[in-house]
2 protein chains.
Amino acid sequence: MGRSKVRDRIVETASKLFYKNGYNSTGVNEIISESGIAKATLYNHFKSKDDICIAFLDFKHAAFMEDIEAFTKDRNEGVDQILALFDYLQLFFQDSEFNGCWGIKTVAEIPQNNQKIRTVLQGQKREFLDLIIALVTKNLKIDHQEEIKTTARRIYLLYESAVVESHLHQNDWPIKEAKEVCSQIII
Amino acid sequence: MGRSKVRDRIVETASKLFYKNGYNSTGVNEIISESGIAKATLYNHFKSKDDICIAFLDFKHAAFMEDIEAFTKDRNEGVDQILALFDYLQLFFQDSEFNGCWGIKTVAEIPQNNQKIRTVLQGQKREFLDLIIALVTKNLKIDHQEEIKTTARRIYLLYESAVVESHLHQNDWPIKEAKEVCSQIII
DNA sequence: TTTTATATAGACAGACTGGTCTGTTTTTTA
DNA sequence: TAAAAAACAGACCAGTCTGTCTATATAAAA
């Protein structure tokens, strides 16, 4: 998707800064000085800071989906592939750059009326839910479509709370507990 | 705790605006015009906007703890009092003023380095967890202290995800699913 | 080589922010 | 009634922010 080298560098730099310091705490001047490009160049590629925000969300989401898909695929088929979600999160948590859920935090920062960014995030979470649905379908022997969906939703909720709460409490007990509840659900 | 009528009015107005429109989107000028007080008066009661933020968090938290304690107490002893947490949330969700978790959203808005507000929120979540521990102790016949804590933490996680995700998806399925998983845990 | 597109640096506009200060008026207390 | 405390209005300050603009340099395409 990278339409140009310069554009990629902007998105990568902005993503790093947005995730580390927050959307509102990161000014466009910081983005341009950090990525070593001119302001006019930035506004040549993005019509507004909000547009960079969407590119940031897309960038993080795409990397996340790719990573987690690869990570789960490496496990033995069955419940392991589902529980791997929480092992992935555990690694993510231990990373020094872990800073919670970029999506939820970013949406919390933007004004209420900015529906576009909200919609983008909803779509991404929906995609993540679909990934879990695929995992459940493949790894658990469940007949009813409705039960698959329900199970996936519950795993999704557990995962999401594990991200947010491990970040908030600066401790990995939410990840461990969420994984444990998950295993109770799927076994 | 209301040290004065004026102070109370400031906190109530600021809380309403912070919760509805967000912390950064609400300026002190808006707070003073909405509450009909002078700017000097505001800065006579609070040394900075951050201080108003803490008062806001305290105000919302105190009301929440009081409400949820009263709400659960009204149910029959046993699992009902625990599941009532999610019924309370369902009512909260249906309220036109529902706007997610004020704490998580506010902390997401403030700069990384503002440790004070983070610490306040952690303390409040810890208090909420203690409330759940008390509920579990009272209503479930669990002997081991460690198992009580573990159970409470899991209920806490389910509740938190239900708040955040029902808000994000603008739908109450997270509340229903969280409640269902909770009942599986405690029965 | 000339043209065209895209990069550069950085000044600038204009709106908005949190917070201070002066001076006046009202309310409470003694 | 006199004194003290706390409210008022609002100008003002210093700084931040996004986004625009000018003018120049570079690199690719014709």
Side-chain angles (χ1 to χ4, degrees), chain A residues 1-57 105-117, chain B residues 1-57 105-117:
Chain A
M1 268 294 159
R3 281 177 261 181
S4 85
K5 277 273 180 196
V6 178
R7 199 195 128 100
D8 287 350
R9 193 156 82 251
I10 295 170
V11 173
E12 278 165 35
T13 306
S15 295
K16 192 185 72 187
L17 293 170
F18 285 163
Y19 185 53
K20 184 180 174 203
N21 302 324
Y23 178 67
N24 285 322
S25 295
T26 304
V28 289
N29 291 318
E30 198 181 349
I31 296 173
I32 63 168
S33 72
E34 186 80 8
S35 56
I37 58 133
K39 194 178 266 195
T41 306
L42 185 147
Y43 279 100
N44 211 31
H45 287 278
F46 301 94
K47 78 174 225 298
S48 70
K49 193 190 174 191
D50 276 1
D51 274 23
I52 309 176
C53 182
I54 289 173
F56 149 63
L57 291 176
K105 287 175 69 177
T106 302
V107 164
E109 284 200 64
I110 57 162
Q112 198 75 3
N113 59 31
N114 193 329
Q115 194 55 48
K116 187 166 183 188
I117 292 180
Chain B
M1 268 293 157
R3 280 178 261 182
S4 83
K5 277 271 181 197
V6 178
R7 199 196 128 101
D8 288 350
R9 193 156 83 249
I10 296 171
V11 173
E12 279 166 35
T13 306
S15 296
K16 192 185 71 187
L17 293 170
F18 285 162
Y19 186 54
K20 184 181 174 198
N21 301 325
Y23 179 67
N24 284 323
S25 296
T26 304
V28 288
N29 292 317
E30 199 182 347
I31 296 173
I32 63 168
S33 72
E34 185 81 7
S35 56
I37 57 130
K39 194 178 263 196
T41 305
L42 185 148
Y43 280 100
N44 211 32
H45 286 278
F46 301 94
K47 80 174 222 297
S48 70
K49 194 190 174 191
D50 277 1
D51 275 23
I52 310 176
C53 182
I54 290 174
F56 150 63
L57 291 176
K105 288 176 69 178
T106 302
V107 164
E109 283 200 65
I110 56 161
Q112 197 76 0
N113 58 29
N114 193 330
Q115 195 53 49
K116 186 164 181 189
I117 292 180

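Per chain, numbering begins at 1; letters A, B, ... match sequence-line order.
In this structure, A:N21 places its CG atom 12 Å from P of D:dC17, rounding to the nearest Å. Protein atom CG of A:D51 is 9 Å distant from nucleotide atom P of D:dG19, rounded to whole Å. B:L42 has its CG atom 14 Å from the C1' atom of D:dA6, to the nearest Å. Here D:dA7 presents its C1' atom at 16 Å from NZ of B:K39, a figure rounded to the nearest Å. Rounded to an integer number of Å, the gap from A:N29 CG to C:dA11 P is 12 Å. Between B:N44 atom CG and C:dT22 atom C1' the separation is 15 Å, expressed in whole Å. For A:E30 and D:dT16, the CD to C1' distance is 13 Å, given to the nearest whole Å. Going from atom CD1 of A:I32 over to atom C1' of D:dC21 covers 14 Å, rounded to whole Å.
In this structure the side chain of A:E30 never reaches within 4.5 angstrom of the side chain of A:T13, judged on heavy atoms. Here the side chains of A:H45 and A:I37 are not in contact, with every heavy-atom distance at 4.5 Å or above. Taking 4.5 Å as the limit, every side-chain heavy atom of B:F18 sits out of range of all side-chain heavy atoms of B:L57. Looking only at side-chain heavy atoms (C-beta outward), A:Q112 and B:S25 stay at 4.5 Å or farther from each other.
Shown here for A:T26 and A:L17, the closest heavy-atom pair between the two residues is OG1-O, 3.4 Å.
Comparing D:dC8, D:dT18, C:dG18 against the side chain of B:Y43 picks out C:dG18 as the nearest. Checking D:dA7, C:dG18, C:dT8 against the side-chain heavy atoms of B:K49 singles out C:dG18 as nearest. Of all nucleotides listed (D:dA7, D:dG10, D:dT18), D:dA7 comes nearest to the side chain of B:V6. Of all nucleotides listed (D:dT18, C:dA9, C:dC21), D:dT18 comes nearest to the side chain of A:V28.
Remark: A:T41 is in phosphate contact with C:dT8, judged by side-chain N or O atoms under 4.0 Å from OP1 or OP2. For B:H45 and D:dA6, the shortest distance from a side-chain N or O to OP1 or OP2 is not below 4.0 Å.
Side-chain N or O atoms of A:N24 include one that pairs as donor or acceptor with a backbone N or O of A:E109 at under 3.5 Å.
If you take CD1 on A:I52 and CZ on A:R7, they are separated by 9.5 Å, rounding to the nearest 0.5 Å.
Looking at heavy-atom distances under 4.0 Å, B:S33 makes no contact with the nucleic acid at all.
Between its two ends, the helix from C:dT1-D:dA30 to C:dA30-D:dT1 turns its axis by 20°, counting five pairs per end and rounding to 10 degrees.
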